[in-house]
Amino acid sequence: MKKFFLLSLGMFFLCGLSLSFAGGGAEGGSSSSAQGGPWVPSKDIEYIIPASPGGGSDLWARAMSNAIAANKLSTVTWVPTNRAGGASAVGYNYMLSQKGNEHVILAAHSGAMVSSYVAGWAQKFEDMVEMICILAFDDVTLCTLTTGPYKDIKSLLKAAQDKPGTLKFGSDQRLNSSQYAYEMLKKYAKADFNYVQYDSSGDAATALLGGHVDVAILNPAECLGQVNAGTFTPVATFATERLSGKFSGAPTFAEIGYPQIVLREFRGISATLGMSEGAKKYYEEMGRKVQQTPEFKKYLETNSFTPVFMGLGESQKYASAEMQKIADLFKEVTKK
Amino acid sequence: MFENLSLLFFGFINVFTFDSIAACLFGTVAGVFIGAMPGIGALTGVSVLLPLTFAMNPTAAIIMLAALYYSTMYGGSISAVLLNIPGDTPAICTALDGYKLTEKGLPGKALTTCFMSSFIGGTIGMLILTMSGPFLAQVGLKFGSPELALLILLAMTSIGWLLGDDVICGLFATALGLLFATIGTDQAAGYLRFHFGLPNLMAGISFVPLVIGIFGFSQVIELVTQRGSGERPKIKIKLRDMYLSWAEIKRLLPVQLRSGFMGTFVGVMPGAGGTSASFISYIFERRVNKLGDSFGTGVIEGCAAPESANNAAAAGAFAPLLTFGIPGSSTTALLLGGLMMWGLQPGPLLFTEKPEFVWPLIASFYLGNIICLLVCFAAIPLVLKAVSVSNAVLAPVIFAICVVAAYTTNNSMFDVFFMMGTGVFSYFLKISKVPSAPLLLAFVLSPMLEKYVRQSFDMTRGDPSIFVRGGICWAFILLIFGFCIAPVVVKRVKALRTKT
């Protein structure tokens with residue numbers, strides 16, 4: 001009895017072991033389709049999430065793969081696989097190691113690309129992946145406490161200009177889009193806040209709720225609950241146009257006289273380097289199709305994303321230009 | 001408060017549906033199992049099950065995931081007590097006394113203590129959550145970075161008595177833990193430290209492979225090298241031994257109550273979860289308990305304190321989640337993502353707008369807690385068999401568990417090799433009589449301390465006066481001084497008394 005118990009225990013773990021290795025290590029030969037026809041995947045697609053479960057990129061990839069499965073857009077499954085670590089560096093390096101593998105793609109987010117430019121990575125994102133498409137903007141807003149002293153962006157900026165180094169700016173990690181937003185405020189609006197770094201925007205929102213910071217920089221999805229309840233007031237958006245719904249009261253920076261202050265985070269799909277044109281076309285088309293599914297539309301809506309479509313080539317160009325702009329400002333700041 | 005009770009009653013009526021009870025049962029059984037597997041904790045469990053729940057109705061789905069979350073706190077103690085491998089981080093303290101009890105031949109008693117304490121701690125947490133969840137969450141928000149920094153500092157004072165017999169060795173281990181913790185992305189400026197160009201080290205050392213290496217793999221080496229001469233002492237385990245005597249239950253009750261209350265409060269605070277709760281209640285209990293000095297040698301109180309606290313903290317963490325829509329831990333953050341996928345908007349309006357969701361969930365906590373206790377008690381005779389197995393069988397089994405657990409953390413072979421390296425390293429530490437507990441404690445707590453301290457300095461551009469900004473800060477400072485000075489004072493007073 002004892003032996004049987006242990007044996008089964010051992011077998012169980014070995015099964016688990018072999019399964020996990022099979023999942024991680026199954027990379028097969030190239031998989032071009034029948035002669036002449038368009039490229040189609042010949043096995044399940046590994047959809048790499050360069051972040052932990054539960055984060056924005058995780059939800060993005062899972063929503064997409066669910067929408068694909070629900071609408072039977074693909075004959076194979078898109079399997080979301082988390083490869084977190086090093087502020088996305090682990091995921092991107094994995095992509096690099098899978099060069100030429102046409103069944104591996106990545107959930108792309110502009111934040112990780114910023115890090116690849118300014119956080120001391122060995123390579124920039126273009127040297128590790130190729131952008132397939134950009135599907136949505138994840139716009140950034142500034143929020144204050146409704147019960148706090150700063151009801152609008154003007155009074156907030158004025159306070160930061162008059163008393164430099166006293167107002168607290170709750171934010172996620174440095175060397176990321178949030179710090180870019182902060183540096184723009186400093187440079188163009190001469191507003192000098194104290195940058196307080198939290199692990200995530202969620203923690204920054206918590207700090208704002210407790211009154212430990214004066215303003216927090218948040219994506220709409222991260223503060224929708226508080227904005228609906230009236231505890232947070234969105235005072236400004238970094239987008240080029242006003243956002244919809246409850247956020248429509250928040251002006252853009254162009255409206256208050258700082259047209260240079262613009263930041264739009266974006267999400268999409270990236271591919272491994274060295275993928276065939278046919279495969280890239282396939283993923284681009286899938287991106288276009290998934291964007292039109294009711295499931296994914298609903299996901300974009302609940303998260304207050306702004307849908308957009310930039311395909312092959314265009315998306316890569318856009319991303320690189322944005323990153324260069326951000327890197328330039330960071331260089332300027334560190335020089336001082 | 002009484003209104004809450006009637007709402008809870010309404011919740012109970014709703015939870016007794018087939019869907020909800022089945023979800024709760026499945027969640028708890030899976031949770032106990034996942035918790036017992038080292039390396040796979042609540043976070044992994046919830047993330048694996050999350051996609052499966054999209055087809056379910058939201059109430060049943062969250063009941064299942066929440067059940068899984070708090071039942072891993074039960075399961076985590078099983079491997080900590082029996083194999084000295086904490087199933088999850090909140091069980092580290094449990095392993096300290098739990099495994100010593102196993103060595104004494106009392107694994108059944110240790111497990112019974114753990115489960116009973118988990119149950120009582122969990123129930124306290126749930127009662128407090130029901131009665132005053134929103135109020136508590138409000139209090140929790142008062143804890144900003146400087147207050148949290150002092151709280152962690154308080155927890156770190158416990159390193160002092162974990163040092164062991166040889167103070168130098170203990171301090172050496174602490175320093176190693178601090179050094180390990182500095183690897184990776186700097187918490188304040190985002191620059192890389194000591195990553196040697198390896199992307200896998202850019203986020204720092206993963207905790208799970210480290211713990212598994214230190215506890216699990218080094219033990220495999222020990223089992224293999226002992227060979228014959230060092231056969232585990234054959235312990236005849238009688239089921240009778242798992243029952244606690246009435247006197248023991250009476251001894252444990254105050255411990256469980258104290259830790260339960262403390263755990264709930266720590267769980268409510270943003271960013272502090274079951275791990276901090278178990279550390280803090282363990283050190284607190286060591287100071288106030290009559291048997292405090294024998295903590296770490298295998299006393300049931302040493303198991304009761306952390307287990308009661310971490311379950312209470314799991315319940316407490318739901319207060320800010322449900323009241324404000326802010327997560328108190330990474331697992332609750334994942335649940336938050338789930339809420340949004342089911343079309344619920346977490347936030348201050350959830351309680352008032354969706355009572356048909358919130359109250360059945362809270363009611364399911366009580367139900368799940370009872371199911372957990374029954375499942376665990378039923379499992380004791382089964383898991384106890386693992387102790388009476390010979391080394392020749394045990395070593396390969398633990399080895400397989402270690403490898404799988406290390407791999408599944410990040411789906412990476414790097415972690416497996418790292419785990420083995422740590423195992424070999426810590427085996428050498430072990431034979432050099434360097435204790436591993438201070439290393440782990442320093443490794444877990446110092447990054448949090450660094451983070452909160454640097455956030456505080458961020459707020460004031462380096463002005464340290466922020467650490468004395470209010471009553472909470474001063475209370476923590478006094479406690480820290482109290483904890484540090486008390487042993488010296490007590491010794492002096494005793495010496496004086498014997499003189500006179």
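Excluded from the calculations below are hydrogen atoms, water molecules and symmetry mates; all remaining heavy atoms, backbone and side chain alike, are included. In what follows, every chain begins at residue 1, and chains take the letters A, B, ... in the order their sequences are listed.
Electrostatic pairing of K451(B) and D203(A) does not count as a salt bridge here, judged by no charged N lying under 4.0 Å from a carboxylate O.
For the set T81(A), T231(A), L224(A), the entry with the most heavy-atom pairs within less than 4.5 Å of chain B is L224(A). Annotation: maximal heavy-atom pairing with chain B below 4.5 Å, among A119(A), G202(A), G165(A), occurs at G165(A).
Contact annotation for S115(A): neither backbone nor side-chain heavy atoms come within less than 4.5 Å of a heavy atom of chain B. Only the side chain of S145(B) comes within contact range of chain A, with at least one heavy atom under 4.5 Å from a heavy atom of that chain. For chain B, no part of Q173(A) is nearby; none of its heavy atoms comes within less than 4.5 Å. With a 4.5 angstrom heavy-atom cutoff, T206(A) touches chain B via backbone and side-chain atoms both. Looking at F143(B), the atoms closer than 4.5 Å to chain A (heavy atoms on both sides) all sit in the backbone: N, CA, C or O. Using a 4.5 Å cut-off between heavy atoms, N228(A) contacts chain B through both its backbone and its side chain. Of the atoms belonging to F169(A), not a single heavy atom falls under 4.5 Å from chain B. For N176(A), no part sits under 4.5 Å from any heavy atom of chain B, backbone or side chain.
Contact annotation: the side chain of R174(A) approaches that of D458(B) to within less than 4.5 Å [non-hydrogen atoms, C-beta and beyond]. In this structure, N194(A) and M459(B) have side chains that are not in contact, with every pair of non-hydrogen atoms separated by 4.5 Å or more.
More than 12 heavy atoms of other residues, nucleotides or ligands shown are found within 6.0 angstrom of NZ on K186(A). In this structure, Q123(A) places its CD atom where more than 12 heavy-atom neighbours from other residues, nucleotides or ligands lie under 6.0 Å away.
The distance from atom NE2 of H212(A) to atom CZ of R469(B), rounded to the nearest 0.5 Å, is 5.5 Å.
N200(B) approaches V90(A) most closely through the heavy-atom pair CA-CG2, 4.0 Å. When every heavy atom of L141(B) is checked against every heavy atom of L209(A), the shortest pair comes out as CD1-CG, 3.8 Å.
Although no hydrogens or angles enter the test, the distance criterion places a donor-acceptor pair under 3.5 Å between the side chain of Q455(B) and the main chain of Q197(A).
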